[in-house]
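Throughout, numbering of the chain's residues begins at 1 and tracks the sequence.
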Amino acid sequence: MKHFLSINSLMATEAMDLVLRAKEMKDGDYRSDLLAGKTLAMIFEKASTRTRVSFEVGIRHLGGDTIFMTPADSQLGRSEPLNDTARVLSRYVQGMVVRTFAQKNVEELARHGSIPVVNALTDMFHPCQIMSDMLTIYERTTNLKDLVISWIGDGNNMANSWINASVYFGFQLNIACPEGYTPNTAVLERALKMGAKVYVTDDPKAAIAGSHFVNTDVWASMGQEAEQKKREKAFAGYQLDEELLALADPNAKVLHCLPAHRGEEISESVFEGPQSIVFDQAENRLHMQKAILEWIYS
């Protein structure tokens, strides 16, 4: 039985295999009956547009069905232990797609259940998003190891997952975060020990210089709304605008996992500009997640 709890769930060659398979699925508008007769529980403690819709559609493209659960309409909202939830759901459904806060939640569900668990986002990692982003990048260049990819903004779950991806795909990763908002230290140290090329700075200009793909994200993620004003002050100078983007490679492309706060982490002109590929990026969630599900259930 396989789980997909982070990119580190993959073996050395499997990350690239998933990118290639997702590209085949996209090009062929792929459908199958792989999940026929199977129901997956969609357990979402955080609001979602792209993750929920792309997973539900992807599961149906593979012949399966879904049940959507939130704390408001299940015992999760009344603090039922996760180990109990995992064991009960394992007797009803054939998998769990989980969007939650703590990484330990998906790990506990995987440990106590007897069905596959997919991490659809935690505060620590967002692996389905980054694997989809690698598909988006691969569509534009197959020479991944010579790329410079930059991350400008919060050292959040996206930044942590980009660090993991750098181990598997071999690109140079430049990360710019304000002091106090850097990526998880253990994630970074592990990647560096495995040979990843990761440069962390508090200077957005240094991080973006010569980059082929530039990423950013909201400054205050879900659950951090009370920190909005504090974060706006800390991230002053980190907006991905035309002036900053001009320091990247002339053909650089802009990524954003959405939703975007135009005028905060990214300017309207860059978001809607010719270098933005954010909606191709969003579409690819569907194709990559189908590839991940096939990897789990084949």
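- The one candidate from V106, L82, L121 that meets the side chain to side chain contact (heavy atoms under 4.5 Å, CB included) condition with T100 is V106.
- R50 CZ to C128 SG: the interatomic distance, rounded to the nearest 0.5 Å, is 14.0 Å.
- Residues N157 and Q129 bring no donor and acceptor atom of their side chains to less than 3.5 Å of each other.
- The backbone N or O of M124 lies less than 3.5 Å from a partner atom in the side chain of N160, making a donor-acceptor pair.
- Of the possible polar contacts, one joining the H3 side chain to the V117 backbone as a donor-acceptor pair under 3.5 Å is found.
- Annotation: side chain of T201 is not in contact with side chain of N174 (no heavy-atom distance under 4.5 Å).
- F44 does not carry R52 over the face of its six-membered ring by the limits of under 6.0 Å from the centre and within 45° of the normal.
- A donor-acceptor pair under 3.5 Å links the side-chain atoms of N184 to the main chain of V187, judged by distance alone.
- D280 and K253 are not joined by a salt bridge, as no carboxylate oxygen comes within less than 4.0 angstrom of a charged side-chain nitrogen.
- To the nearest 0.5 angstrom, L35 atom CG is 11.0 Å from K290 atom NZ.
- A donor-acceptor pair under 3.5 Å is formed between the side chain of K2 and the backbone N or O of W295.
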Is there a side-chain contact (heavy atoms from CB on, under 4.5 Å) between T51 and H126? Walk through the geometry before answering. CA-CA 10 Å; T51 301; H126 198 358; 4.2 Å; yes

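- Checked by atom type, the side-chain pair N164/S161 shows no donor-acceptor distance below 3.5 Å.
- The main-chain N or O of V97 is never found under 3.5 Å from a side-chain atom of R99 such that the two would form a donor-acceptor pair.
- The two residues Q239 and S267 come nearest to each other via the heavy atoms OE1-CB, 3.6 Å.
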With side-chain contact (heavy atoms from CB on, under 4.5 Å) as the criterion, how do K46 and D123 come out once you've worked through the C-alpha distance, each side chain's angles and the decisive distance to 0.1 Å? CA-CA 11 Å; K46 290 187 173 186; D123 288 344; 2.6 Å; yes

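- When the side chains of ILVMFWY residues are joined at heavy-atom separations under 4.5 Å, either directly or via intervening members, M158 and I292 end up in a single hydrophobic cluster.
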Intermediate values then yes/no, side-chain contact (heavy atoms from CB on, under 4.5 Å), M16 and V19: CA-CA 5 Å; M16 193 66 227; V19 171; 3.9 Å; yes

CA sep, side-chain torsions, deciding dist, call: N284, E139, side-chain hydrogen bond (donor to acceptor under 3.5 Å, both in side chains): CA-CA 10 Å; N284 282 338; E139 289 178 316; 3.1 Å; yes

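- Using a 4.0 Å cut-off between charged side-chain N and carboxylate O, E56 and R60 make a salt bridge.
- At least one side-chain heavy atom of M42 sits less than 4.5 Å from a side-chain heavy atom of I59.
- The closest donor-acceptor contact from the side chain of Q103 to the backbone of L5 lies under 3.5 Å.
- Side-chain contact check for Q94 versus T39: some heavy-atom pair is nearer than 4.5 Å.
- Transitive grouping of hydrophobic side chains (ILVMFWY, heavy atoms separated by less than 4.5 Å) brings I277 and M288 into a common cluster.
- Between the side chains of W219 and E264, no donor-acceptor pair of N or O atoms lies under 3.5 Å.
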Could you walk me through whether L34 and L293 pass the side-chain contact (heavy atoms from CB on, under 4.5 Å) test, one step at a time? CA-CA 9 Å; L34 175 68; L293 291 168; 5.7 Å; no

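- Atom CZ of R21 and atom CD of E14 lie 14.5 Å apart (nearest 0.5 Å).
- At least one donor-acceptor pair closer than 3.5 Å links the side chain of S166 to the backbone N or O of I163.
- Between L245 and I208 the shortest heavy-atom distance is CA-CD1, 4.0 Å.
- A donor-acceptor distance shorter than 3.5 angstrom exists from the side chain of R87 to the backbone of N83, with no hydrogens or angles considered.
- Between the side chains of E265 and T216, not a single donor N or O lies within less than 3.5 Å of an accepting N or O.
- The distance from atom CG of L40 to atom CD1 of I115, rounded to the nearest 0.5 Å, is 7.5 Å.
- Formation of a donor-acceptor pair under 3.5 Å by the Q289 side chain with backbone atoms of R285 is found in this model.
- When all heavy atoms of C177 and D154 are compared, the pair lying nearest together is SG-C, 4.0 Å.
- Hydrophobic clustering (ILVMFWY, side-chain heavy atoms < 4.5 Å, transitive): I130 and Y168 are in one cluster.
- T141 places no side-chain N or O within donor-acceptor distance of the main-chain N or O of Y138, the cut-off being under 3.5 Å.
- Here the CZ atom belonging to F271 is positioned 5.0 Å from the CG atom belonging to L258, to the nearest 0.5 angstrom.
- Salt-bridge formation is not detected for the pair E107/R111: no Lys NZ or Arg NE/NH1/NH2 atom is positioned less than 4.0 Å from an Asp or Glu carboxylate oxygen.
- Taken together through direct or relayed side-chain contacts under 4.5 Å among Ile, Leu, Val, Met, Phe, Trp and Tyr, W151 and V278 form parts of separate hydrophobic clusters.
- Between T136 and Q281 the shortest heavy-atom distance is OG1-CA, 3.4 Å.
- Of all the heavy atoms in H212 and D146, the pair that sits closest is CE1-O, 3.8 Å.
- Between E108 and K104 no salt bridge is recorded (no basic side-chain N to carboxylate O distance below 4.0 Å).
- Within 6.0 Å of CD on E243 lie no more than 12 heavy atoms contributed by other residues, nucleotides or ligands.
- Proximity of the aromatic rings of F213 and F171 is defined here by a centroid distance below 6.0 angstrom, and this criterion is not met.
- Counting heavy atoms from C-beta outward, T85 and E80 have side chains that approach closer than 4.5 Å.
- Linking Ile, Leu, Val, Met, Phe, Trp and Tyr whenever their side-chain heavy atoms come within less than 4.5 Å leaves I149 and V214 in two separate clusters.
- Looking at every heavy atom in both residues, P127 comes nearest to F4 through CB-CE2, 3.6 Å.
- Here R190 contributes atom CZ and T185 contributes atom OG1; the two are 15.0 Å apart, rounded to the nearest 0.5 Å.
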